[in-house]
Student: 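Input: one structure, supplied below.
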2 protein chains.
Amino acid sequence: MSKILIVEDEPNIRMGLTDNLQFEGYEVDIAEDGEMGLKMILDGNYNLIILDVMMPKLSGFDVCRTVRGKNIDTPIILLTAKGEEIDKVLGLELGADDYITKPFSLRELLARIKAVLRRSNTPTQGTGTGYEVTIGKLCVNFQSYSAKIDGQNTKMSHKEFEILKFLLAHKNETVSRNELLEKIWGYEEQPTTRTVDNFILKLRQKIEENPNHPVIILTAHGIGYKLLA
Amino acid sequence: MSKILIVEDEPNIRMGLTDNLQFEGYEVDIAEDGEMGLKMILDGNYNLIILDVMMPKLSGFDVCRTVRGKNIDTPIILLTAKGEEIDKVLGLELGADDYITKPFSLRELLARIKAVLRRSNTPTQGTGTGYEVTIGKLCVNFQSYSAKIDGQNTKMSHKEFEILKFLLAHKNETVSRNELLEKIWGYEEQPTTRTVDNFILKLRQKIEENPNHPVIILTAHGIGYKLLA
DNA sequence: ATAGAAATTTGAAGTTAACTTAATTTACAG
DNA sequence: CTGTAAATTAAGTTAACTTCAAATTTCTAT
């Protein structure tokens, strides 16, 4: 069974998580701050790390960055507080595999844990950690927010980056337009689903060899879109 | 359609919510205070509970805690007043699925309701093995809505997924065409029973080694179909 | 502040895919 | 055999997606 490390300073959340994950059958270790967490990550051999962002000594961001810098690609799920929304982007940029905003429901966290573990177990999984990814004829760098097509620099908007990132984080899964709206735009803003279509259009034009016959970002009629990789 | 319980002491909000949610097609029950709410939760069978925090007798916090203590995991959305100390711990400690601060926009609440219901409907939780099933030569993943035949990705429509899911849920039982129409299409739509045949045909072509002589999806003459597993 | 540029959002027309129906052929049960 | 039910095919209908252009909002630099 999978071994999970929880790095979290707030005792309530830490204990709540520990209990629940153990109940779900995971083996759980805990660290009470970033420093301790980092040490345990470097020592231990975990299948998944749950990392609070807001912590004394070393923030979750710092830990994540350091870990990835050492080429350790253990899956990481970030816990962020509401309002740290801007940092959502950062999280994945840092090489985290997923994030969830507090307060979160246990149900959702469990679902994400399973999803991340499942993805990391698939042998087809490349590193996934690097900042640079090539999809079709597009090469994007999520750290510098730059993109190239055939070696030529090309412009890409912030939302385009975000959506592509989300699709990559859920590659080979069909994601619905509403899921994208929820995760990229949030609940406060509620654009039409057409808006999503438009971004898919733009992404396809950048990614696909032949945008009229997409082979990477596929549409699943009545369901959503799926990025193959 | 989903059944929602509103637990809210302020008559205006209560009625406003009730009207709007009914208009959206939800079945709505109401409770006027925490005590009454708790009783109804324990009695009734709801898909979602909208729970005000500030209430006489029993606060929303109390109700939430009690409900979760009894291992009832109906999704809960908390209504909190602005300024109310709702810290990050909330979600986990109390087990609520989401919250929204008053005054809130109806649109946002509706979006959250939909999201929570969608999450709770996914068969994500439960057994560890999950959503991948192999039937005959077809391998389907109900989470990502993807399907493979002999390792090759293949297209499957939304309805095909739904019907297959239903047949699997009732494997080794004979289900009538009308049962399928009722459960998959609902009462509003009423296609011919021939429509069902067409989907069975498509499923057989994907599942059966020899679609002309099905051995997995059998026909029960004059009755319906049966999926063997 | 304000103008100009860029990005986002929306609506509508066009296109494609999925669904439904009807019609024909084949299989089944009495 | 015969009548009825199911499988199959093809054509019609509906719903969903794509695309484009125009309108709006947001951003940037003056």
Student: Report the residues that fulfil salt bridge (charged side-chain N to carboxylate O under 4.0 Å, His left out) with B:Glu10, sequence neighbours left out, ordered by chain and then residue number.
Tutor: B:Lys102
Student: Output the rounded distance in Å from CG (B:Asn212) to C1' (C:dT25).
Tutor: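 After rounding, the reported distance stands at 13 Å.
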Student: Hey, does the side chain of A:Ser157 come within less than 4.0 Å of C:dA6's phosphate (OP1/OP2), counting only N and O?
Tutor: no
Student: Which nucleotide, C:dG11, C:dT8, C:dA23, lies nearest any side-chain atom of A:Arg194?
Tutor: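 Among C:dG11, C:dT8, C:dA23, the one nearest the side chain of A:Arg194 is C:dG11.
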Student: Counting only side-chain heavy atoms from C-beta out, which of C:dC19, C:dT21, C:dT10 sits nearest to A:Pro191?
Tutor: C:dT10
Student: Quick check with a 6.0 Å cut-off and a 45 degree axis cone: is A:Lys183 positioned over the face of A:Phe166's six-membered ring?
Tutor: no
Student: Between A:Glu182 and B:Lys114, does any NZ, NE, NH1 or NH2 come within less than 4.0 Å of an OD or OE carboxylate oxygen?
Tutor: no
Student: Quick one: how far along DNA chain D does chain A reach, first to last nucleotide 5' to 3', anything under 4.0 Å to a heavy atom?
Tutor: D:dA16 to D:dC20
Student: Could you pick out which residue, A:Ile223 or B:Ile223, lies toward the 5' side of DNA chain D when each is mapped onto its nearest nucleotide?
Tutor: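 On the 5' side of the pair lies B:Ile223.
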Student: Within a reach of under 6.0 Å around NZ of A:Lys148, are more than 12 heavy atoms found that belong to other residues, nucleotides or ligands?
Tutor: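 No, NZ of A:Lys148 has 12 or fewer neighbouring heavy atoms, counting only those of other groups under 6.0 Å.
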Student: Give the nucleotide from the list C:dT8, C:dT9, C:dA6 with an atom nearest to the side chain of A:Lys155.
Tutor: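 Comparing C:dT8, C:dT9, C:dA6 against the side chain of A:Lys155, the answer is C:dA6.
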Student: Taking only side-chain nitrogens and oxygens of A:Thr192, does any of them come within less than 4.0 Å of OP1 or OP2 of C:dT9?
Tutor: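 For C:dT9, neither OP1 nor OP2 has a side-chain N or O of A:Thr192 closer than 4.0 Å.
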Student: Apply the ring-ring contact (aromatic ring centres under 6.0 Å, His included) test between B:His158 and each candidate in B:Tyr145, B:Phe199, B:Phe142; give the one that qualifies.
Tutor: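 By the ring-ring contact (aromatic ring centres under 6.0 Å, His included) criterion, B:His158 pairs with just one of B:Tyr145, B:Phe199, B:Phe142: B:Tyr145.
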Student: Report the distance from atom CG of B:Leu203 to atom P of C:dC19, rounded to the nearest whole Å.
Tutor: 11 Å
Student: Over all strands shown, is B:Asn198 touching base, sugar-phosphate only, or nothing at heavy-atom distances under 4.0 angstrom?
Tutor: base
Student: Distance check needed: C:dC19 P versus B:Gln190 CD, whole Å only.
Tutor: 18 Å
Student: To the nearest Å, give me how far apart CD1 (A:Ile163) and C1' (C:dT9) are.
Tutor: 12 Å
Student: Ignoring hydrogens and geometry beyond distance, is a side-chain donor-acceptor pair present between A:Asp62 and A:Ser59 at under 3.5 Å?
Tutor: yes
Student: Report the distance from atom CZ of B:Phe161 to atom P of C:dC19, rounded to the nearest whole Å.
Tutor: 11 Å
Student: Do the side-chain N and O atoms of B:Tyr99 and B:Arg112 include a donor-acceptor pair separated by under 3.5 angstrom?
Tutor: no
Student: Grab the CH2-C1' distance between A:Trp185 and C:dT10 for me, whole Å please.
Tutor: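 It works out to 13 Å between those atoms.
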Student: Please report, rounded to the nearest Å, how far the P atom of C:dT26 is from the NE2 atom of B:His213.
Tutor: 14 Å
Student: Across the strands shown, which category fits A:Thr195 at heavy-atom distances under 4.0 angstrom: base, sugar-phosphate, nothing?
Tutor: base
Student: What integer distance in Å separates A:Ile184:CD1 from C:dT9:P?
Tutor: 11 Å
